[in-house]
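All remarks here apply to the structure that follows.
The chain is numbered in sequence order, starting from 1. Atom set for the values below is all heavy atoms of this structure, side chains included, hydrogens, waters and symmetry mates excluded.
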Amino acid sequence: MAQHDDSALRGALTEIFMAAVKSADPHEALLKALPEKPRGRCIVVGAGKASAAMAAALEAAWPDVDLQGVVVTRYGHAAPTQKIRIVEAAHPVSDAMSEVASMLMMEQVKNLTADDCVIALISGGGSSLLALPRKRITLADKQAVNKALLKSGATINEMNTVRKQLSDIKGGRLALAARPARVITLIISDVPGDDPQSIASGPTVADSSTTEEALEIIARYGLDLPEPVMRVMRTPRAPVTPADIDEDIRLIATPSGALAAAAEVARRMGYTPLILGDALEGESAQLGIVMAGIAKSVKQHGLPVKGPAVLLSGGETTVTIGDTGCGRGGRNTEFLLALACALKGEEGIYAIAGDSDGIDGTEDAAGAIVTPDTLSRTTLDAKAMLRGHDSYSYFAALGDLVVTGPTLTNVNDIRVVVVR
């Protein structure tokens, strides 16, 4: 394929990917969902990778409202605010600032009245950014739980089911502390199915999960958790129900909306877009193999769509590390390296995948790009690096990482496969 065609396709991939990201810009999404301005005090709380940008957008939209409050975001994801305090903390494993931020929020919502309003700004990543362990559990215990969950291959919904049972702020307990104030929750979704209970572990949302479900997840994945955690886990407590809190939940940006925006850009470029789903889960490498098979079918048989086509998907896959250790990488670069290995240099198929927040796992790239010569441009052993979960290093060596920096939003992973 000619070099200019390669360059043009790389540009098209990037443009389609960024259209999905930009569709979830907090400044635009938040304006469409704001309630009437409150009469009493307005307390702002929040957690997630987009929470600081959402707070800045709220201040810009309501310059005449006396706002105050605290939101927590990931290190490097802060945005400038004047009234709302921004706290930065660790992700994906909580640190001391996660606990500090949680305590500050609980203090903010004390002693409110029915005339007061709480605006909760929630987005993906909030589960680790909020850490308020139940009594008899330490932050170190919670960190051990998070690390075990991240290695296990558990889905995000399963991880959050466990986290909620160990927290005094998740699972609706922040809203419970704010009674009798009105609580309005504005959410940028990053979870499959857009379940508000699972996004940031639902600090202002009634919780239908149970202790029994959490214990079953722990057993299923064979998690070796600290004994204090297990003692608390075996001590059931009443969940926060819809009868306990007055819920007003508004989804302001979602993975499906992001994929629709990407599809529109692809259509304008002359491709036929096919959205395969916004909630795909499972092992990243296995999804790479499946997606390679679909792309080959499009090229060879025109099924399930005739080319030139763009296959779009979202959701959150997992990478099960086990006890063998790993190199550097996240779920998107792992997906892409498995895709490249399965395609074996198939001409006319290109791909980009990345986390819409700009950070794939713990690395400094959102994701990477696959081209027909991804395997042939280097002497590196792609399959060996895939087995060693070292996909970041592979694409770094090729110069094919996609580095956006923090995007200040989060609608989960965006995967784009172009078939000529």
Side-chain angles (χ1 to χ4, degrees), residues 6-7 9-22 24-25 48-50 53 73-78 88 90-93 123-125 128 150 156 190 255 258 262 280 283-285 287-288 291 312-319 321 326-341 343 350-371 373-375 377-378 380 382 384-418:
D6 181 90
S7 177
L9 278 165
R10 286 172 177 268
L13 285 169
T14 302
E15 186 175 346
I16 294 168
F17 175 80
M18 290 308 300
V21 174
K22 291 175 182 177
D25 178 84
K49 298 172 188 175
T73 193
R74 182 178 181 164
Y75 290 116
H77 290 242
E88 292 180 281
H91 182 278
V93 178
S123 64
S128 67
L150 289 167
I156 187 62
D190 76 321
L280 303 189
E283 284 292 317
S284 297
L287 183 60
M291 202 64 69
L312 298 164
S313 65
E316 184 167 327
T317 57
T318 53
V319 178
I321 302 300
C326 65
R328 301 179 64 189
R331 56 184 182 260
N332 287 287
T333 52
E334 176 127 338
F335 160 80
L336 288 165
L337 190 53
L339 176 78
C341 289
L343 288 173
Y350 288 67
I352 187 173
D355 195 322
S356 58
D357 68 11
I359 306 295
D360 187 26
T362 59
E363 302 298 346
D364 58 0
I369 287 176
V370 162
T371 66
D373 60 359
T374 290
L375 300 183
R377 274 190 292 129
T378 177
L380 293 172
M385 296 183 79
L386 183 60
R387 289 193 298 271
H389 306 293
D390 201 17
S391 52
Y392 175 98
S393 299
Y394 188 90
F395 288 107
L398 290 178
D400 281 345
L401 291 172
V402 175
V403 180
T404 63
T407 64
L408 306 185
T409 192
N410 186 15
V411 284
N412 222 315
D413 299 337
I414 305 295
R415 295 176 288 268
V416 183
V417 180
V418 169

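- Between V402 and L13, every side-chain heavy-atom pair lies at or beyond the 4.5 Å cut-off.
- One N or O on the side chain of S123 and one on the backbone of A50 form a donor-acceptor pair closer than 3.5 Å.
- Here CZ of F395 is found 14.5 Å from CZ of R328. Values are rounded to the nearest 0.5 Å.
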Query raised in the report: Going through the checks in order, is the side chain to side chain contact (heavy atoms under 4.5 Å, CB included) test met by I321 and L150?
Result: CA-CA 9 Å; I321 302 300; L150 289 167; over 6 Å; no
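- Without hydrogens or angle criteria, T409 side chain to D25 main chain gives no donor-acceptor distance under 3.5 Å.
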**Report entry** Stepwise side chain to side chain contact (heavy atoms under 4.5 Å, CB included) test for V416 and I414
**Finding:** CA-CA 7 Å; V416 183; I414 305 295; 4.1 Å; yes
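- Between the side chain of S128 and the backbone N or O of H91, no donor-acceptor pair lies under 3.5 Å.
- Side-chain contact check for Y392 and D364: at least one donor-acceptor pair (N or O, by modelled atom type) lies under 3.5 Å.
- Side-chain atoms of N410 do not come within 3.5 Å of backbone N or O of K49 as any donor-acceptor pair.
- A 4.5 Å side-chain heavy-atom check between E334 and L386 finds at least one atom pair inside the cut-off.
- With 3.5 Å as the limit, one finds no donor-acceptor pair spanning the side chains of H77 and E88.
- Between the side chain of D360 and the main chain of N332, a donor-acceptor pair closer than 3.5 Å is present.
- In terms of heavy atoms, L9 sits closest to Y350 at CD1-CE1, 3.3 Å.
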Requested in this report: Determine, stepwise, if the pair D355 / R331 fulfils side chain to side chain contact (heavy atoms under 4.5 Å, CB included).
Outcome: CA-CA 9 Å; D355 195 322; R331 56 184 182 260; 3.1 Å; yes
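- Rounding to the nearest 0.5 Å places OG of S393 at 7.5 Å from CD of E363.
- R415 and S313 are linked by a side-chain donor-acceptor pair at a separation below 3.5 angstrom, with hydrogens and angles left out of the test.
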Requested in this report: Kindly indicate, with the supporting measurements, whether the criterion side chain to side chain contact (heavy atoms under 4.5 Å, CB included) is fulfilled by L312 and I16.
Outcome: CA-CA 10 Å; L312 298 164; I16 294 168; 4.1 Å; yes
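- Proximity of a side-chain donor or acceptor of T333 to a complementary backbone N or O of G329 within less than 3.5 Å is not detected.
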